[in-house]
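Here is the naming used below: chain letters follow the sequence lines, and residue numbers restart at 1 for every chain.
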Protein chains: 2
Amino acid sequence: MNSAVPLTPIVHPDRGELTIEALLRALADPVRLAIVRQVANTEGEVACGAFDVPVTKSTLTHHLGILRQAGVLASRQDGTTRYNSLRRNDLDVVFPGLLDAVLAAPHNA
Amino acid sequence: MNSAVPLTPIVHPDRGELTIEALLRALADPVRLAIVRQVANTEGEVACGAFDVPVTKSTLTHHLGILRQAGVLASRQDGTTRYNSLRRNDLDVVFPGLLDAVLAAPHNA
DNA sequence: CACGTTGTTCGATGGCTGTCGTAATACGAA
DNA sequence: TTCGTATTACGACAGCCATCGAACAACGTG
């Protein structure tokens, strides 16, 4: 098992490519912020289909791509399911304290 | 002197009205991020005309309004000039560590 | 193989928003 | 009051982007 054959190879920017601007833009969307919170509140990984978001699957794919491109999420393919995890270590190195501050912020209001 | 008579009253949201989403959206723009950095690197206030940004004055006004509405900037009118300052205390209370993390981030990449 | 599941890709669309130029407003000085 | 300065207000416009539906692709199972 674990054949891992995505149609398009999954690319992850490395630490040196991360920018504060792309990160802020990625986190500034309500749907994406919800995604990040759900991943953060989950021990380990979250499958794409397991997210509780008020959008279509195609839109969800779009948001996950942006979060991955911004360096927020790492994705791993296993069969037909794609597992997402937070790149917490990398973010903490490049932008110390930022992710924690965002996650600690009041949810709405 | 110090007549302070703006055409439209300057409104500032209080702490309870600040949202992480509006804050992130406000900071996610390159021009606005530059504005925030310039205010943060200046002791005290910065007049509207003193900002070094690659946009027209009308566009600058627009960005300052968004930053004010998001609770990032406080504006004070003195004669014809409007002085802007960071609402550092308020931001630190509502979103602890966020502003510092953003300001500490690498300028570009 | 046939089917259902998972997730992506593609094209289209509507709305938001960053941008500008111009006009208008307020103030201070001459 | 007349001028110059500082800044905002008002349209208008273009580009981006979140959203969707439908089609496609890869995998697992019966």
Side-chain angles (χ1 to χ4, degrees), chain A residues 1-12 21-36 38-39 45-70 72-85, chain B residues 1-12 19 21-36 39 45-70 72-85:
Chain A
M1 61 287 301
N2 290 18
S3 40
V5 184
L7 23 170
T8 294
I10 304 178
V11 292
H12 294 107
E21 224 186 84
L23 177 58
L24 291 174
R25 287 193 74 82
L27 297 176
D29 182 89
V31 174
R32 290 196 287 266
L33 193 54
I35 292 173
V36 172
Q38 290 177 32
V39 178
E45 303 167 312
V46 178
C48 294
F51 286 109
D52 182 24
V53 285
V55 293
T56 309
K57 289 193 174 183
S58 59
T59 303
L60 173 61
T61 297
H62 171 240
H63 286 307
L64 292 174
I66 290 184
L67 287 171
R68 196 180 319 120
Q69 200 170 338
V72 181
L73 295 184
S75 303
R76 178 181 64 89
Q77 191 85 15
D78 178 40
T80 59
T81 72
R82 186 173 287 197
Y83 294 99
N84 306 98
S85 58
Chain B
M1 55 292 305
N2 289 18
S3 40
V5 184
L7 24 171
T8 294
I10 304 179
V11 291
H12 295 106
T19 70
E21 224 186 81
L23 177 59
L24 291 174
R25 287 193 73 83
L27 297 177
D29 181 89
V31 173
R32 290 195 288 265
L33 193 54
I35 292 173
V36 172
V39 178
E45 303 166 312
V46 178
C48 294
F51 286 110
D52 182 23
V53 284
V55 293
T56 310
K57 290 195 174 184
S58 59
T59 303
L60 173 61
T61 297
H62 170 241
H63 286 306
L64 292 174
I66 290 184
L67 287 171
R68 196 179 319 119
Q69 200 170 336
V72 180
L73 295 183
S75 303
R76 177 182 63 88
Q77 190 87 17
D78 178 41
T80 60
T81 73
R82 185 174 287 195
Y83 294 99
N84 306 98
S85 57

Proximity to the side chain of [X] - top-ranked nucleotide from [options]:
X: Lys57(B); options: dG7(C), dT19(D), dT7(D); answer: dT7(D)
X: Thr81(A); options: dA6(D), dG7(C), dG18(C); answer: dG7(C)
X: Arg82(A); options: dA18(D), dT8(C), dT8(D); answer: dT8(C)

Distance, rounded to the nearest Å, where [X] contributes [atom1] and [N] contributes [atom2]:
X: Asp29(B); N: dG15(D); atom1: CG; atom2: P; result: 17 Å
X: Arg76(A); N: dG7(C); atom1: CZ; atom2: P; result: 12 Å
X: Asn84(A); N: dG7(C); atom1: CG; atom2: P; result: 9 Å
X: Ile66(A); N: dC17(D); atom1: CD1; atom2: C1'; result: 8 Å
X: Ile10(A); N: dA25(D); atom1: CD1; atom2: C1'; result: 14 Å
X: Gln77(A); N: dA25(D); atom1: CD; atom2: P; result: 16 Å
X: Phe51(B); N: dT8(D); atom1: CZ; atom2: P; result: 10 Å
X: Leu67(A); N: dG7(C); atom1: CG; atom2: P; result: 16 Å

Exercise. Does the side chain of Thr80(B) get closer than 4.0 angstrom to OP1 or OP2 of dA6(D) through an N or O atom?
Worked result: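 No, no such contact exists.
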Can you sort out the partners of [X] under side chain to side chain donor-acceptor pair (under 3.5 Å), two or more places apart, ordered by chain and number?
X: Arg25(A); result: none
X: His63(A); result: Arg32(A)
X: Glu45(A); result: Arg76(A)

When we call it a touch if two heavy atoms are under 4.0 Å apart, what does [X] touch: a base, just sugar-phosphate, or nothing?
X: Leu64(B); result: nothing
X: Leu60(A); result: nothing
X: His63(B); result: sugar-phosphate

Problem set entry | Val39(A) and Leu67(A), any side-chain heavy atoms less than 4.5 Å apart |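 Sidechains of Val39(A) and Leu67(A): no contact.
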Exercise. So, do Gln38(A) and Val46(A) sit near enough that their side-chain heavy atoms are less than 4.5 Å apart?
Worked result: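 Of all side-chain heavy-atom pairs linking Val46(A) with Gln38(A), none is under 4.5 Å.
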Problem set entry | Of Arg25(A) and Arg68(A), the one whose closest DNA chain C nucleotide lies more 5' |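 Closer to the 5' end of DNA chain C: Arg68(A).
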[X]: partners by side chain to side chain contact (heavy atoms under 4.5 Å, CB included), with sequence neighbours left out:
X: Gln69(A); result: none
X: Thr61(B); result: none
X: Thr80(A); result: none

Name the pairs: protein N/O against N/O of nucleotides 13-15 of chain C, kept only if under 3.5 Å.
none

Distance-only donor-acceptor pairs under 3.5 Å for side chains of residues 47-59 of chain B, two or more places apart:
none

Exercise. If we ignore angles and hydrogens, is there a donor and acceptor under 3.5 Å between the side chains of Arg82(B) and Ser75(B)?
Worked result: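 No pair is found: no donor N or O on one side chain lies under 3.5 Å from an acceptor on the other.
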Using nucleotides 20-23 of chain D, report all nitrogen or oxygen pairs with the protein that are shorter than 3.5 Å.
| residue | atom | partner | partner atom | Å |
| --- | --- | --- | --- | --- |
| dC20(D) | OP2 | Thr56(A) | N | 2.8 |
| dC20(D) | OP2 | Thr56(A) | OG1 | 3.1 |
| dC20(D) | OP2 | Thr59(A) | OG1 | 3.3 |
| dC20(D) | O5' | Thr56(A) | OG1 | 3.1 |
| dG21(D) | O6 | Ser58(A) | OG | 3.1 |

Exercise. On DNA chain D, nearest-nucleotide positions of Arg32(A) versus Thr61(B): which is more 5'?
Worked result: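 Closest to the 5' end, via its nearest nucleotide, is Thr61(B).
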